[in-house]
Amino acid sequence: MRVMAIAALAGFLVAGVAAAPPAAAQDHRHKAMEAAPPRGDSVYSLSASLVDQRGRSVGLDLFRGHRVLISMFYATCPDACPLLIADLQRIERELPPHIKADLRIVLVSLDPERDTPEALQALARARYVDESRWRLLRAPEDTVREIAALLGIKYRRLPDGSFNHSSVITLLDPDGVVLVRDEAVGGSHATLLRSLRAAQSAPSH
Amino acid sequence: MARRSIVPSFLGIVAVVMGVGLLLVSPQEASSQGQSPAKPAAAASAQAGAPIEAVLTSAPDVPPPITRRDPAKVVVHLEVREVNLPISDGVEYTFWTFGGQVPGKFIRVRQGDTVEFHLQNHPDSKMPHNIDLHAVTGPGGGAASSFTAPGHESQFTFKAINPGLYVYHCATAPVGMHIANGMYGLILVEPPQGLSKVDREFYVMQGDFYTVGAYREKGTQPFDMQKAIDERATYVLFNGAEGALVGDKALKAKVGERIRMFVGNGGPNLVSSFHVIGEIFDRVYYEGGSRYQENVQTTLIPAGGSAIVEFKVEVPGTYIIVDHSIFRTFNKGALGMLKVDGPENKLVYSGKEVDVEYLSEKAGPQSTAIAAAASALEKGTLDIKMQISAGEMLFKGTCSVCHQPHGNGLPNVFPPLAKSDYLMANKQRSIEVVLKGLSGPVTVNGKQFNSVMPPMSQLRDDEIANILTYVRNAWGNQGDQVTAPEVTATRAKIKLPPGAAR
Amino acid sequence: MRHLAFVTLALVLAGAGVPAASPPDMARVGPGVLRPVYMPAPGVTTVDVAAFALDRLPVTNGEFLSFVTGHPGWRRDRVARVFADDGYLAHWAGPVELGPDAHPDQPVTRVSWFAAKAYCSARGKRLPTEAEWELAGAAGDKGPDGAVEPGFRERILGWYARPATAELPAVGSGQPNFWGIRDLHGLVWEWVLDYNSTLVSGDSRSGKSADRLPFCGTGALTAGDNEDYASFMRLAFRSSLEARYTTRALGFRCAGDGEVALR
């Protein structure tokens, strides 16, 4: 019993060491970048294990190599999160096709208890998100706290199970470095759009 | 927090200038008089769009007037520091400051300027801080965008849309505490044509302070939250310290000069009834706005507000700056001085200059005797000579009004203290008289007096001991020593009359 | 990489020689009822906190040094910038050397949330939650509610009012509180696990009518106990932080669950 506990602890420790390279990713498209450890100012420095809406295990860096819009939400959110998704879709629509094709969108749930992969899948379908480029992710509570800390998102679970949370859309470069933080839900997102449109075509592989 | 513009736009100001004559700038003073010819470097950089680093000053100094004719990008770097400074003689307080002193640095910009504001929180700070500038139109006046942890810096940009004199302050919870610790200052947004020319400009800011100890109780005093909530100020001060504008730190001017004071009130609680004894304000831009009233004796400055007062000094002398809620001046420290030198003008005023001795208790150099006695008392090294020196200063400031500077009293009105048999006969009784006052018939040196001496129980025990020691050894009195413990013991035994302080 | 794992395992095995049942460096806190300065929901003024274990003392320079030595990824010259800012361990003489400005028994400061979290994980512990820390911090000398003891709040406010220039004393010089925990007040600010759970907009006057859109949820958390300025100021301080921040007066201690809590 004790040996198992120690082994679990050791495994936990190893996973926590910052300089470790990211866990093996599912998306074959950035195998080329896998070899290089993430830069110190990249959010992919965090090794995390998440599950997407199809139940696939992924790391936070699942779209490394692409520009990524990342935010946090929860599926039963009444006000801000539906707006958040609508905003992200609106941003997508305003992009030229080649930029849109390369852009990825990651939404991490604040509510792992209720946002199971099935619930996330149902939400994705109900909101007509393009699942070839969007991922809705579920992570253990501790990982959720770490990702929120990285992205500068504040949240608190309330007694009724809903959440107070800030809504921030973060644009990451292909290495996972933060380019733009946009805190205005329902706003014009002009800075985000400008940044996205100004990009060279991202390396696709 | 959007601020409705009650001020006409720039075009509106031009129309008013040409029309009615309600002028910020009188026609003969317009534009060029008194201003040096356009400085090519400044004009060029403004036109080139290069950002200008704002010149910030500590009170009572004011940055020079803006001379450029166009709006510019102005960069402000303001550092928050938590510092231990004296609030009164022998009394230390931990102030939270914008720029190392209270009030915070004076910021001077022009209407239309784009201000890039950097708020830096010193690594030694314990608390996070932010800033709300009343000149900003935008959420929280900038507070939302400037919340800064110790050892970090925040930046936000705003456009100075409205002219006027505005307060800025910290808005971090608990807001009252941050303000009470001195986190306020002034930002002036000049109208495009500038302000009329004057000879001197000063920066004065009033604030109320709340300490656990009583007024002038020595030592390091912490902030008292309950007193602040109850609005029971311990100190009411100009520029963050008792005596900040007194003695050799008094404001200085010359006869014939036009003076402008940018006066702010940081609060947190009290409204100021701002008055300069012996002067009438020719113009008061009430509430720091764009209109002015004329010929004003005393003007109200709201907590979190300001006023611009202008007057011409015609006669030499020392002009006392007060809050005319007058107990604040004489019992809480709201007293400053403007010293004017130059030739007399008997047609305007023929009398004496204000007698500095009357208020010498508050004046800078003499008060060192008082501070020296206080610290010696703490260390146990207080001797009779130090008591006499301190007592002399205190006597002049408090007792000499009635008993006269040399203890002679006023015949038939106030008994003498010099060679007084009544005084010297009974030391214990003299302590009681100072504490309780004295009324009714009394015979001193064979003469009858029947007057009222009010209780002086608001004085501290050590101050009473020093005064009595001085009086009992001055003007030929062959006296002894009165100690603070003796006064304390007496105070404990007697019953103070109703209405006596403490 | 494998070498590192081996070293880590060895350290863990060494540490595991101490029986997990009753580590002397921790004490049981709670269960208890917290009256937070925010209202968790409209009309709700209390939060139940289950029993947990808390370090009796803040983590020291010496303890953090042994952690960094064993986990070189957390050296100040190697740590990822997203996990710690430029002030991280700046007062140490070197990446694995304390030097004269960092006494081994002083509470470690200039550590980020990520670093503190990693340290606690490495010890088989975790950071305390805000509710847990506040429950421990609410206690006075004689009981779980220090507010009824005279001078309790004033002493804390007095510490907050003084700038962070004085040299930090060694940990443990303060009296233990009712739970046996020392130095919760008057020494350093301390990280908590959910430091980022307070949505103050930066401008604390927004108050009751805070926007629902930026903050979502069933409504703004409004102030509960208006008189507990000490807790209020801790809340304000935490809400000014980002996870990678380090400051001169900010340290941490660890918490744990399991057998100690149940004893």
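Note that the coordinates shown come from a computational prediction; the quantities given were computed from them, not determined experimentally. Lettering of chains follows the sequences in order, A, B, ..., and the numbering in each one begins at 1.
For Trp189(C), the part sitting under 4.5 Å from any heavy atom of chain B is the side chain, from C-beta outward, and nothing else. Contact annotation for His152(B): only side-chain heavy atoms (C-beta onward) come within less than 4.5 Å of a heavy atom of chain C. Both the backbone and the side chain of Pro150(B) come within contact range of chain C, judged by heavy atoms closer than 4.5 Å.
The only member of Phe156(B), Phe147(B), Phe98(B) that meets side chain to side chain contact (heavy atoms under 4.5 Å, CB included) when paired with Leu119(B) is Phe98(B). Of the candidates Tyr215(B), Phe223(B), Phe209(B), Tyr235(B) forms a ring pair (Phe, Tyr, Trp, His ring centres under 6.0 Å) with just one, namely Tyr215(B).
Within 6.0 Å of the NZ atom in Lys227(B), the count of heavy atoms belonging to other residues, nucleotides or ligands exceeds 12.
Contact record, Pro86(B) with Phe95(B): O-CE1, 4.2 Å, taken as the closest heavy-atom pair.
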